[in-house]
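Worksheet: one structure, shown below.
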Amino acid sequence: MILTTPLIERLAREGEVHVVATPANAAVLANHPAVASVIVYDKRNADAGVAGLRRVAARLRATGATTAYMAQGSWRTAALARMAGVPSVGFDTSAGRWLYSRQVAYRKDWHHAQRLWALASDPRDASVPVPSQLRPSLFPSAADTSQVSALLHEAGAITGEPLIALAPGSVWATKRWPSYDALASGLVAQLPDARVVVLGAAGDAPLASAISTAVQQRGGPPIIDATGKLSLLGSAALLARCTVLVTNDSAPLHLASAMNTPTIALFGPTVPGMGFGPLADRRVVLGRDQLTCRPCSAHGGQACPLGHWKCMRDVEPSDVAEQVVRAAVSTQ
């Protein structure tokens with residue numbers, strides 16, 4: 001959903017944009033000035049089954065939409081547009097492509113934001129969008145910002161104190177770089193005036209605890225643990241205050257792109273060439289490019305298929321720390 005915002009902004013210059021979204025993704029678009037309305041499709045609960053599909057289709061039809069851009073390519077989404085009587089445009093690789101009014105080539109060599117952007121392009125148009133057009137956008141509310149201020153105040157953060165954000169989690173176990181604690185420990189000596197902030201879901205609290213212990217053992221200041229304490233937009237608001245983010249190939253990467261926070265992205269089982277790398281103006285990608293087993297899947301898995309997990313284990317904390325220090329120094 002985050003990577004769809006450049007397309008949404010482009011379409012909003014031509015008319016109202018109504019977005020069909022799951023409950024979780026709907027929250028991401030709150031306050032976005034390019035979105036006229038969000039139609040929540042709770043496909044697993046309130047809108048489950050054919051009856052739910054019909055209800056949501058009726059709401060979509062009532063917007064008067066003239067085209068449905070199929071950023072999510074499932075057959076269910078395609079059926080929704082067809083049921084609403086709205087002509088649809090989507091990728092030629094999508095499961096629901098047989099129901100589309102027009103198919104667009106899915107370019108594996110493009111960033112996904114550019115692929116989505118192309119859904120609204122004339123097939124004869126060979127122009128390439130500039131990087132600023134493809135950077136996503138999010139709009140945290142005043143409440144989100146206040147929540148972040150309260151969190152930082154409670155942690156004793158000082159105005160102007162550099163905040164180094166770490167996002168150690170991922171739904172996929174093989175995407176989780178195992179050395180965030182070692183990185184944080186090393187940064188105590190290299191950036192003594194900075195505070196470490198840990199972002200993530202509530203389930204990432206043990207990872208934050210390990211980082212906290214490593215920092216305390218080196219005599220560093222207490223970390224700011226934000227795991228499970230902020231919404232996605234709240235996390236975006238926090239990232240806007242951070243000097244740099246170190247993240248796996250996971251949601252915080254895209255939040256940082258939207259807030260244009262300098263990003264150090266660690267890729268293991270996946271690679272940026274799949275289309276989901278960082279888009280912040282200042283960004284660095286680290287990974288073991290020489291491994292022939294990369295990428296091993298579209299998402300990464302819960303265990304390394306070959307058992308060695310070198311793609312993540314062999315990324316050295318010192319190499320990551322070097323990039324963190326460079327980012328911190330360049331923003332002073």
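All heavy atoms count here, side chains included; hydrogens, waters and symmetry mates do not.
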Notebook entry, point to check: Would you say Val285 and Ile164 are hydrophobically clustered, going by side-chain heavy atoms of ILVMFWY under 4.5 Å?
Noted result: no
Next item on the list: Measure from the side-chain N and O atoms of His18 to the backbone N and O of Leu60, and report whether any donor-acceptor pair falls under 3.5 Å.
Entry: no
Note to self: Under a 3.5 Å distance rule, please check whether Asp92 uses its side chain to pair with a backbone N or O of Tyr106 as donor and acceptor.
What the structure shows: yes
Next item on the list: Would you tell me whether Arg102 and Thr67 have side-chain atoms, one donor and one acceptor, within less than 3.5 Å of each other?
Entry: no
Item checked: Geometric class of the His111/Phe276 ring pair [parallel <30°, tilted 30-60°, perpendicular >60°] -> tilted
Next item on the list: Would you sort out whether Ser74 and Gln72 count as a side-chain hydrogen bond (donor to acceptor under 3.5 Å, both in side chains), showing the intermediate values?
Entry: CA-CA 6 Å; Ser74 71; Gln72 203 278 352; 2.9 Å; yes
Check: In chain order, what residues pass the side chain to side chain contact (heavy atoms under 4.5 Å, CB included) check against Val198, with sequence neighbours excluded?
Finding: Pro168, Val196, Ala208, Ile211, Ile223, Thr227
Item checked: Pair listing, ring pair (Phe, Tyr, Trp, His ring centres under 6.0 Å) test, anchored in residues 179-230, at least two apart -> Trp177-Tyr180
Item checked: salt bridge (charged side-chain N to carboxylate O under 4.0 Å, His left out) contacts touching residues 165-182 (sequence neighbours left out) -> Lys175-Asp249
Margin query: Is there a side-chain contact between Trp117 and Leu3 in this structure, where contact means two heavy atoms from C-beta onward sitting under 4.5 Å apart?
Written below: no
Next item on the list: Any chance you could lay out the side chain to side chain contact (heavy atoms under 4.5 Å, CB included) test for Leu199 and Leu245, step after step, and finish with the verdict?
Entry: CA-CA 10 Å; Leu199 291 162; Leu245 167 70; 4.3 Å; yes
Margin query: Just verifying a value: how many Å separate Ser88 OG and Arg82 CZ, rounded to the nearest 0.5 Å?
Written below: 6.5 Å
Next item on the list: Salt-bridge test for Glu322 and Arg326: reply yes if a basic N is under 4.0 Å from a carboxylate O, no otherwise.
Entry: yes
